[in-house]
Each structure stands twice: as C-alpha cells, then as structure tokens.
Amino acid sequence: MNQIWITGFLGAGKSTLAHALREQGVQTHETSGLETPPDGVYCIAVADAANLPQCLGDPLFAPLLREQIGMAGLIAVSRGDVIDPAPTIEALRQIISKTIVEAPGGALDPGLLAAIELSSGTQMDLTPRFAHWSYEGPSTLRLETAERLLEKRPDGLYRLSGTIRVEKGTLEVEIAGQVRQTRKLRAEGPTCLSGYGPRDRFRPAEMALSFAEAVSDSAARRGLFGYR
C-alpha cells in the first residue's frame, strides 16, 4: 500500500505532520526516533528549526540524524512559525542537496504532495541496532540520589525517559543525548524508566547496575536517617 514514511529526531514534529497528511488523505507511517526507513519507501524527514543545529552537534546521535535526513526525499522544517528557520535551512544545505520546505504547523503544500511519486514499501522495525533497558516498579530514590544517577548515566545512553519515584512526589525525566529535562511532580507515582542506546556503545547491564546501586544507596540512607 502506498504511503509516506515520516522520520526525524525525537520531538521534531513527526506526529503533527503525519496528522496533517492524513487529513489530506495521505497514508503515513510514523517512525520512532530510533528508526531509519527501509529502502523502497518515500520518506519525509522532519527537522525542528529550534533544535536541529544543536542535535547535529551532539556526537551521540548526530550520525543517526544525518542518516535519517540523507534517506529522505523531502526535508520539512518544522516550528518555522515560532522561530527563524533560516539557520536550520542553511545547516541542512551544508550536508545535503535535497528539497527543503517549511512546514509551519505541520502543513505542506498540497501541490507539492501531488507531485510526489510514492513507493510501496514494507514496514520494517530497524530498532534492533539499539539496546534497550527498562524498569517499572515501586522503587523510591532520594532526590539527590536520583539527580546523581541522571548526571552520571552510562556512556552511550541515547535516550532515557519516564518517571522516578522520590520522597513526596515523582521526578519526570526526558533525556536525549546531551539535552536533559527534569521536573518534580507533586503527585506520587511508580518508577517507570526506559532507556535506549547504540548496541556498540550502550550496555543495559551497566544501566541496571547503576539503578540498583541508586536504589540500595537510597534505602541505606533512609535507614540511617530514620535510626537517628
């Protein structure tokens, strides 16, 4: 079945573009941030005007991002309606010689879509190139211990996201390469973390050990302070 594959970095706006295309009657397959499209499919790569230059400078996942862009037939620059897209477009032109268009709000010119000759490819999951670690359970960390765990995370960790239960709340975590965002939520919830990284650099066992040590350290310190 003919369809357009939508690829791009985490949070670039793939879902917004895919929804806009479906409203125009175009069938789409949205990849995860870890996938690259297979041969024989038409792909649009979404490039976030706010974050692409920084992402291209991140040594951890810049190679994957360049691969995704290189396999695309069209580059759609998102968020150009809220930030000047010129620097992003110029950065793209330095590494590729393909059609680059702006897609404010995820919209593309219908005439442009009509000119695209779609291919019929089979969906393929290429994520086995990446190793995965996850945890879901009641473990509670001290806030300081959780911060240390995130600061000294294993080398090669591409992305870590989810929640960490801490005293009197929950820490929401979103880490992608060198970009880290955390915030403490008032509501208590379970610890639920998921991490990915290239198989040749990321060792899930190392992440599991780091997490286990953080849990043990938190429990020991709670016991020490409780005794006092």
Side-chain angles (χ1 to χ4, degrees), residues 5-18 28-39 41 43-48 50-72 78 122-139 141 145-166 170-183 185 189-215:
W5 277 54
I6 310 296
T7 189
F9 182 63
L10 306 165
K14 298 186 298 294
S15 296
T16 301
L17 177 60
T28 65
H29 171 72
E30 181 183 346
T31 72
S32 74
L34 302 179
E35 284 183 284
T36 53
D39 293 333
V41 302
C43 176
I44 296 177
V46 183
D48 182 355
N51 296 313
L52 182 73
Q54 180 182 7
C55 293
L56 287 174
D58 191 313
L60 182 58
F61 45 66
L64 174 64
L65 184 56
R66 287 173 178 269
E67 182 179 355
Q68 291 177 338
I69 292 172
M71 296 182 69
S78 63
T122 303
Q123 295 183 9
M124 297 172 60
D125 181 9
L126 303 185
T127 57
R129 291 195 305 170
F130 295 84
H132 175 237
W133 171 85
S134 65
Y135 172 86
E136 183 173 0
S139 293
L141 303 185
T145 304
E147 290 286 353
R148 188 163 58 251
L149 172 69
L150 300 179
E151 183 66 26
K152 298 183 178 180
R153 53 192 183 274
D155 179 55
L157 183 64
Y158 181 100
R159 184 188 188 192
L160 181 68
S161 61
T163 55
I164 301 176
R165 185 172 181 174
V166 296
T170 302
L171 192 66
E172 186 178 53
V173 177
E174 181 65 46
I175 296 175
Q178 298 176 344
V179 180
R180 171 185 161 184
Q181 295 180 330
T182 57
R183 64 179 181 130
L185 308 177
T191 297
C192 184
L193 288 172
S194 181
Y196 296 87
R199 283 191 180 278
D200 60 346
R201 295 188 60 188
F202 175 59
R203 302 290 182 265
E206 184 180 351
M207 183 67 204
L209 178 61
S210 296
F211 181 76
E213 289 176 344
V215 172

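Because only heavy atoms are used, hydrogens play no part in the values below, and waters and symmetry mates are left out as well, while side chains stay in. What you are looking at is a predicted structure, and each value in this text was computed from that prediction instead of being measured.
The shortest heavy-atom contact between Leu56 and Arg66 is CD2-CG, 4.1 Å. Residues Ile6 and Ala18 share a closest heavy-atom pair of CG1-CB, 4.3 Å. Nearest heavy atoms, Glu30 versus Ser15: OE2-OG, 2.7 Å. Here the shortest heavy-atom pairing between Ser139 and Thr191 reads O-OG1, 2.6 Å. Smallest separation of non-hydrogen atoms from Gly195 and His132: O-CD2, 3.2 Å. Across every non-hydrogen atom of Ala146 and Val166, the tightest pair is CB-CG1, 4.3 Å.
Considering only residues two or more places apart in sequence or on other chains, Arg203 meets the side-chain contact (heavy atoms from CB on, under 4.5 Å) condition with Glu206. By the side-chain contact (heavy atoms from CB on, under 4.5 Å) test, Ala50 pairs with Asp48, Arg79, Ile83, sequence neighbours left out. Under the side-chain hydrogen bond (donor to acceptor under 3.5 Å, both in side chains) criterion, Gln54 pairs with no residue at all, not counting sequence neighbours.
Distance check: Leu150 CG to Ile175 CD1 gives 4.5 Å after rounding to the nearest 0.5 Å. In this structure, OG1 on Thr28 lies 8.0 Å from CG on Leu17, to the nearest 0.5 angstrom. Distance check: Thr7 OG1 to Met71 CE gives 8.5 Å after rounding to the nearest 0.5 Å. In this structure, Leu141 CG and Ile164 CD1 are separated by 6.0 Å, a value rounded to the nearest 0.5 Å. Atom CZ of Arg153 sits about 11.5 Å away from atom OG of Ser210, to the nearest 0.5 Å. Here Glu136 contributes atom CD and Ser194 contributes atom OG; the two are 10.5 Å apart, rounded to the nearest 0.5 Å.
Of the possible polar contacts, one joining the Ser78 side chain to the Ala12 backbone as a donor-acceptor pair under 3.5 Å is found. The main-chain N or O of Pro190 is found under 3.5 Å from a side-chain atom of Thr163 such that the two form a donor-acceptor pair.
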Give the C-alpha distance, both sets of side-chain angles, the deciding distance and a yes or no for side chain to side chain contact (heavy atoms under 4.5 Å, CB included) between Met207 and Phe202.
CA-CA 9 Å; Met207 183 67 204; Phe202 175 59; 3.9 Å; yes

